[in-house]
Trainee: 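Below is one structure. I have some questions about it.
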Amino acid sequence: MSRRDYEIRQISPFIWQVEPFGEMSVPVRIYADSRLLEGIEQDGAGQQAMNVAHMPGIVRASLAMPDAHWGYGFPIGGVAAFDPERGGVVSPGGIGFDINCGVRLVASDLVEDDVKPRIDKIVRTLYQQVPCGVGSSKAIRKLSDKELRNLSRRGAAWTVEQGFGRPEDVEHTEEEGALDGADPSVLSARAIERGQPQVGTLGSGNHFMEVDVVREVYDEEVAEAFGVARGSVAFQIHCGSRGFGHQICSDFLKTMQKATSKYGISVPDKQLACAPLGRPEAEQYLAAMACGANYAWANRQVILALVVEGLEQVFGKDRDALGIRQVYDVCHNIAKMEEHDVDGQSRRLCVHRKGATRAFPAGHPAVPEDYREVGQPVLIPGDMGTASYLLVGADGAMDETWGSTCHGAGRVMSRKGAKKKAGGRNLKKELADRGVTVAWEGRSTLAEEMPEAYKDVDAVVSVMHEAGITRKVARLEPIGVVKG
DNA sequence: ATGTTC
């Protein structure tokens, strides 16, 4: 064990706390088992969570989820809430470059025996339907400047009006696929240009489309409410806001560097650049970030339509005959103004979730009406050779984590480290031996994304389950994967 | 994550 210059104390079976020291204004709380904790401390994510605890107006604690790993400024797997009435800030580093990176889960009436014999064809079809890889474009026509601005304001609903998917998909999407307050007038010309040709594209890195079999159901009642049955086939789409969101983040990091000094804010890491909520820099960033978020929801909506079109071709049946229905679409890179209880008082806070997923419990008004009795679906993608999870928000999330949970397995190996480890191996065959057919675009994608590059997703979701933040509903295992 | 170093 490496020597620490701080003390960490176990305050419950799955929560570890660092009391404030130096200029920290709140403690750090890490959700983890002892093994996950060790990884979080070793790669610097723990130190990053301590840095976040220094920021102005942070409320209660700087939180790290069990999948936390090192990121730009804030850890990926970090959650922090800021109070505008106490000098609270918004920081682009607390959202991430890929604004509204997220996951969409689609259920079907297909079973493994319908799909397994044609899995090669299905994977090839999905790969052809959706442009994959860095710089991918031309999934649909290049949008005009005006169309992109409309899409930025209205998100997924705008794409449904253009003929991609159905209104009920939007009802089963976080925020119904559009954040309020999106204002394209604050966007740079370069952001608009980068966004125009990329709607309906997957991107690269950990972004994927996946064919899964629902192998285990832990909670029959909730699974039924979500329309997910043991043995059925489901589809996942994981991607974000492409070059558009990346450009928005880059543009506003520059704005925020200036704002940090303008408002006399002191942060322990330049990458925590931020502006006080209510100030023009903060409000403009939130308006731009909402555009990025809405683009990502529109992007996943178009990709869903392209996936459905491909499946209709393969099976020679239409969407209804295949029983294809959207379970939910979650975001895991965003900041939102939300009402939360703080010491018995309801307060409006800016909740940053970076590599963290909203997980509202039963009864919360933001949960779609047909799920409100059970709680919000939470989608946790794992690595491409192991499993993904469907969870449901629990009461503990509102009490402890600003209605948030983990977002995935979380990297345990750098991209470079993974490539080195994969040298000389035939990963396509290794995955085929595990029953996973894979297609991919980038030269190094398969190596960088190999299962060993990720933490144990079972351990990650178990921590949040045992801590009472989210409950396990179903475990999905991949049989076909398309990687960017 | 990213027209992977405007």
Side-chain angles (χ1 to χ4, degrees), chain A residues 43 45 48 67-78 91-104 130-139 142-143 148 187-209 237-255 257 271 288-289 291-293 295-297 299-300 303 330-335 352-357 381 383-384 407-419 440-449 453-454 482-484:
Chain A
D43 89 338
Q48 289 190 312
D67 49 337
H69 58 109
W70 190 91
Y72 181 95
F74 288 60
I76 296 161
S91 175
I95 286 93
F97 275 84
D98 192 5
I99 296 164
N100 190 1
C101 185
V103 188
R104 179 168 294 215
V130 180
C132 302
V134 177
S136 47
S137 64
K138 296 182 184 136
K142 179 180 168 182
L143 299 186
L148 187 68
L187 301 174
S188 68
R190 193 187 283 185
I192 301 267
E193 279 163 24
R194 290 183 70 177
Q196 282 172 310
Q198 290 198 315
V199 176
T201 64
L202 190 70
S204 72
N206 65 3
H207 291 164
F208 65 78
M209 292 176 284
I237 298 161
H238 177 214
C239 66
S241 49
R242 309 289 290 105
F244 184 66
H246 190 275
Q247 190 63 47
I248 291 168
C249 183
S250 302
D251 291 341
F252 277 90
L253 280 169
K254 289 184 200 125
T255 306
Q257 293 293 354
Q271 296 184 350
M289 185 210 70
C291 291
Y295 186 100
W297 276 312
N299 193 32
R300 292 195 289 275
I303 291 174
V330 293
C331 165
H332 51 228
N333 276 4
I334 206 158
H352 291 56
R353 298 190 182 95
K354 181 188 192 180
T357 315
D383 68 74
M384 62 179 158
H407 86 304
R411 288 199 81 88
V412 72
M413 229 180 256
S414 68
R415 295 189 173 278
K416 200 173 163 185
K419 267 201 284 199
W440 70 100
E441 179 68 32
R443 195 169 288 267
S444 327
T445 300
L446 215 53
E448 289 175 0
E449 294 296 317
Y454 284 89
V482 177
K483 277 279 185 184

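Residue numbers begin at 1 in each chain, while the letters A, B, ... track the order of the sequences.
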Trainee: Quick one: A/H246 NE2 to B/dC6 C1', roughly how many Å, whole number?
Mentor: 12 Å
Trainee: Could you tell me whether A/E449 and A/R415 make a salt bridge, using a distance below 4.0 angstrom between a side-chain N and a carboxylate O?
Mentor: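 Between A/R415 and A/E449 there is a salt bridge, with a charged N closer than 4.0 Å to a carboxylate O.
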Trainee: If you measure from the Lys or Arg side-chain nitrogens to the Asp or Glu carboxylate oxygens, is any gap between A/K142 and A/E193 under 4.0 Å?
Mentor: no
Trainee: For A/G96, answer base if it contacts any base atom (sugar-phosphate contacts may also be present), sugar-phosphate if it contacts only those atoms, and nothing otherwise; contact means non-hydrogen atoms under 4.0 Å.
Mentor: nothing
Trainee: What is the distance from CD1 of A/I76 to P of B/dT2, rounded to the nearest Å?
Mentor: 13 Å
Trainee: Would you indicate what A/G243 reaches in the nucleic acid, counting non-hydrogen atoms under 4.0 angstrom: base, sugar-phosphate, or nothing?
Mentor: sugar-phosphate
Trainee: Does B/dA1 have OP1 or OP2 sitting under 4.0 Å from an N or O in the side chain of A/N206?
Mentor: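 A/N206 to B/dA1 OP1/OP2: side-chain N or O found under 4.0 Å.
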Trainee: Looking at every strand, decide which applies to A/E193 at a 4.0 Å heavy-atom threshold: base, sugar-phosphate, or nothing.
Mentor: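 Here A/E193 touches no strand at all.
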Trainee: Please give, in whole Å, the distance from B/dT2 P to A/Q247 CD?
Mentor: 13 Å
Trainee: Give A/R411 one of three labels, base, sugar-phosphate or nothing, depending on what nucleic acid heavy atoms sit under 4.0 Å from its own.
Mentor: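 Nothing: the residue A/R411, judged by heavy atoms under 4.0 Å, touches no strand.
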Trainee: To the nearest Å, give me how far apart NZ (A/K416) and P (B/dT4) are.
Mentor: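 Result: 18 Å.
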Trainee: Looking at B/dA1, I'd like to know if its phosphate oxygens (OP1 or OP2) sit under 4.0 Å from a side-chain N or O belonging to A/S241.
Mentor: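 Negative; the distance criterion is not met.
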Trainee: Between A/H332 and A/H238, is the gap from one ring center to the other below 6.0 Å?
Mentor: yes
Trainee: Without decimals, in angstroms, what is the distance between A/K483 NZ and B/dA1 P?
Mentor: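 Rounded to whole Å, this separation is 8 Å.
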Trainee: Would you say A/R242 places a side-chain N or O within less than 4.0 Å of OP1 or OP2 belonging to B/dA1?
Mentor: no
Trainee: Nearest 0.5 angstrom please: A/F97 CZ to A/Q247 CD, how far?
Mentor: 10.0 Å
Trainee: If we ignore hydrogens and angles and just use 3.5 Å, is the side chain of A/H69 paired with the main-chain N or O of A/D43 as donor and acceptor?
Mentor: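 Here the side-chain-to-backbone pair does not exist.
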Trainee: What nucleotide among B/dC6, B/dT2, B/dA1 has an atom nearest to a side-chain atom of A/F97?
Mentor: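 Out of B/dC6, B/dT2, B/dA1, the nucleotide with an atom closest to A/F97's side chain is B/dA1.
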Trainee: In whole angstroms, how far is the P atom of B/dT2 from the CG atom of A/D251?
Mentor: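 Those two atoms, CG and P, are 16 Å apart.
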Trainee: Does B/dA1 have OP1 or OP2 sitting under 4.0 Å from an N or O in the side chain of A/R415?
Mentor: yes
Trainee: Rounded to the nearest angstrom, tell me the gap between atom CZ in A/F208 and atom C1' in B/dA1.
Mentor: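 Those two atoms, CZ and C1', are 15 Å apart.
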Trainee: How do A/E449 and A/R190 order along DNA chain B: which one's closest nucleotide is nearer the 5' end?
Mentor: A/E449
Trainee: Expressed in angstrom and rounded to an integer, what is the separation of A/Y72 atom OH from B/dT2 atom P?
Mentor: 17 Å
